[in-house]
Amino acid sequence: MPPEFLVDYELTTRYGGPYHNKDRYFKFGKHSIELKAKKDPNRVYTCAFDEYINSRNDIKKYYFRDFKNETLEFAPNETSIKINCEDEDVIIIKFQPESVQFIEWVVQTYNKMLVSLNERIDHALRNTHPRILPHMRKAITESEDPFGVYQRFLKDVCYCIDYPEFEMWFYRISNGQLGESYDRSDYLRLIIDPPREMKSILDMPTTVFDKVLDKLKFTDHLTLRKVSTQFRTFLDSKPPQCKSITVEFGHMTNRINFNVKKYEYSNDIDYEETFRENTCKVGYKSRSKTIEGANFYEQTILDLIGILKMPKLQLEKLKIIVKYSDYQGDKWNWSQKIDEIFPRFIELMERNFPKTQKVHVKTLSMKLRTQNEILSILPYLTPGVLEEIKLSSTKLTTYCEHPKQLPIEMDEVVELEQWKKAKFLRMEELKPVFVDIDEFTHFESFFIDFQAIGMKSMLRLRDVGFVQANTRLLCVSTATIGSSAVD
Amino acid sequence: MSVENAPVVDVDEAAIPVEKKMYYRFESNDKKEFRVSELAIQQSETLNRLVEAMGYTSEDVENKPAIAIENIDGKTLKLVFQWCEHHKGEAIPVDDGSVPKIVEIPEFDAKLMDIDNGLLFKLIWAADYLNIVQLLNVSCKKVANMAQGKTPAQLRRVYLLPSDEEDEAAKRAAQEAQDPRAREVEEEFEERKRQGGNSFF
């Protein structure tokens, strides 16, 4: 609470004669000066700082917020305040030498307010309406006088943004109400602003806008993100509804599938290779679009990256599969194609995915053939959050003579932090080669189809406690382990 | 028999005035008056609290001036109260946190909301302000339906949004327009500084 000051002042009537009524208090607040009569404390004049005009004759004139006909003037070269009251004529306040302290106090308070304002400004601007952001930043950070800035804003910025919109942002910054959940409607309610002619959906209070978004599906959100950066910023500030993503790479078609809930609201986006070279047909429900100059694999990967980039995305499951092809004759062709997809995937991820960002995924599930395929996505997931890794081998065609177990190198994967911090592992129809058994012992449980396991490895597993009673799960392909190994 | 019964009915009415339906009077900002039943008002949390706090008796309602709703116009308020009267007595839905929310728009509501976008936005604003949960739900659903299955370009048209290029152009134009004036103000400030007039702060 700011201290109350009783200052010496003179009262002059409209006709120049003295007026003897000294029983008044002046209270200096952060944003206002209050003038209170001692005898009648209910009668308070408030002079809000933000309602001043800078007149040309060097006198700062303040308008009382509630009493528009009364003004208060500061003459800069004199230590005096002149108040023009409607009923009581003119009050001139002359400061005595000791009152200079109170001027200093006002200035100090004001400066303190400015410092804290500047401290919070960066945070505030991050959440500011992009259209007024540059004006706001420049004016408030550079000015010694934010309220002057405010006045200038009204003159200069209001023609390009709505006044209430601006008022809301100014109010928000100057009051330190800068949280992400700030509700626009609160402010509108505060100023009791009549509903304006809504120009666009962005004029709605954020709570309402949220309600509209709640009723839209995730795929509609994706379209909305493409509308404008403003929309994207707003949508990205909330966690997306999408809980699981499945990407299928096929011989002629790819598919990205979003699941909000299990077995509900499943939405697919299909990517098709067309007969013309470098064109891709993207389809969603009955809508489709042909994109020129885009390889359909690249387009799928880029779209997936676009979704994974959403800052608040929290996925339960991310599944990447290479489907098998039914074209028997294309067996080798398809195999070559797959070999091309994942190096490109890695390249595109490196180029387009921000290095500092990681994707929040709990379960990663992949059907794959080589280590490269895991490396395309695993390094981009949040270590520690990723709990489960499920890997299995992919069959290229239904007719393919598929080896029972596909040997797979794991040397680079096991070095990743994501691998080291995961809790569960399941590898089916895959045989890790050239990997020490120690790379698996950190898992709480794992399932690996070892084709053969050496005595040494088994002993090691026993030593770390996997073949003990406290083991949750250890499955080994018993067919290949001789009884002697178990001993 | 009818003569015998008549006074009994009279006495009943006088003895239990509570059973009488109470109609509150509201006034929009363009001075249009509406009479709304107590039950219908319960749909709006804001108004319900307001009338509870006022504690009007049926005489007060008639004698005192109508309750002014200063920030909603008559056209919008009419729709709001029509909706409230039609849905009076219905339970107010509670948010269960599920997404996306499944909301059905009843036929009456669909007809009521068959209005232009400007009025629809005003209706949503009023529903939000008056805290009428279900009206806000259906009206937001209607706005959401406008977006379903649209391309970004169509969405810009539906929601009257500027594209990024337009945004950029507007920003540039604003900066260009602002610069000369900003310079003017700064020059004025500099000049006054030279003249030695120090401001109060």
Side-chain angles (χ1 to χ4, degrees), chain A residues 54 56 58 60 74-77 103 106-107 110 130-131 134-135 144-145 152 155-157 159-161 185 188-189 192-195 197-205 207-208 211-218 220 223-231 241 260-261 265 284-287 289, chain B residues 29 70-73 76 98-103 117-118 120-122 124-129 136-137 139-141 143-145 147-156 158-164 166-167 170-171 173-175 177-178 181-182 185 188-189 192 195-201:
Chain A
N54 234 336
R56 289 195 172 263
D58 278 355
K60 278 193 176 179
F74 286 111
N77 292 326
I103 300 178
V106 172
V107 175
Y110 192 78
R131 237 184 287 168
H135 303 287
E144 293 172 7
D145 174 20
R152 208 193 293 174
K155 272 198 328 208
D156 292 339
V157 186
Y159 71 92
C160 72
I161 58 161
S185 55
L188 288 173
R189 274 170 201 170
I192 315 176
D193 175 45
E197 203 55 52
M198 297 274 184
K199 287 200 185 95
S200 80
I201 196 166
L202 286 167
D203 290 333
M204 285 191 186
T207 41
V208 173
K211 278 194 177 259
V212 173
L213 293 179
D214 276 354
K215 291 171 184 66
L216 283 168
K217 290 179 182 171
F218 180 64
D220 291 319
T223 323
L224 282 172
R225 283 180 90 244
K226 287 189 177 170
V227 168
S228 73
T229 34
Q230 230 170 307
F231 248 71
Q241 302 166 357
V260 174
K261 279 182 193 166
Y265 295 111
Y284 168 63
K285 287 191 176 163
S286 56
R287 228 168 67 202
K289 189 169 122 186
Chain B
N29 62 3
E70 281 168 9
N71 41 2
I72 302 173
D73 61 28
T76 317
S98 66
V99 275
K101 298 242 172 357
I102 303 153
V103 176
N117 280 357
L120 180 64
F121 283 151
K122 277 187 189 174
I124 292 175
W125 197 96
D128 180 47
Y129 177 77
L136 193 59
N137 272 342
S139 50
C140 284
K141 176 69 182 172
V143 177
N145 284 348
Q148 257 165 20
K150 297 268 191 328
T151 64
Q154 285 169 329
L155 279 173
R156 277 186 210 116
V158 169
Y159 289 154
L160 303 169
L161 294 163
S163 65
D164 282 352
E166 282 165 36
D167 260 358
K171 211 188 274 175
Q175 255 163 10
Q178 194 207 357
R181 274 199 277 175
V185 175
E188 193 190 315
F189 180 72
R192 280 165 56 184
Q195 284 170 0
N198 58 326
S199 62
F200 184 75
F201 291 124

message = As an exercise, state the distance from CD1 of B:Ile124 to NZ of A:Lys211, rounded to the nearest 0.5 Å.
response = 11.5 Å
key: A:Asp214 side, atom CG; B:Lys141 side, atom NZ - distance, nearest 0.5 Å   = 11.0 Å
Residue, of B:Leu136, B:Asn145, B:Thr76, that accumulates the most heavy atom pairs under 4.5 Å with chain A = B:Leu136
request  = Would you name the heavy atoms of A:Lys215 and B:Val103 that are closest together and state the gap between them?
outcome  = CE-CG2, 3.5 Å
task = Measure across A:Val212 and B:Ala144 and return the closest heavy-atom pair with its distance rounded to 0.1 Å.
result = O-CB, 3.7 Å
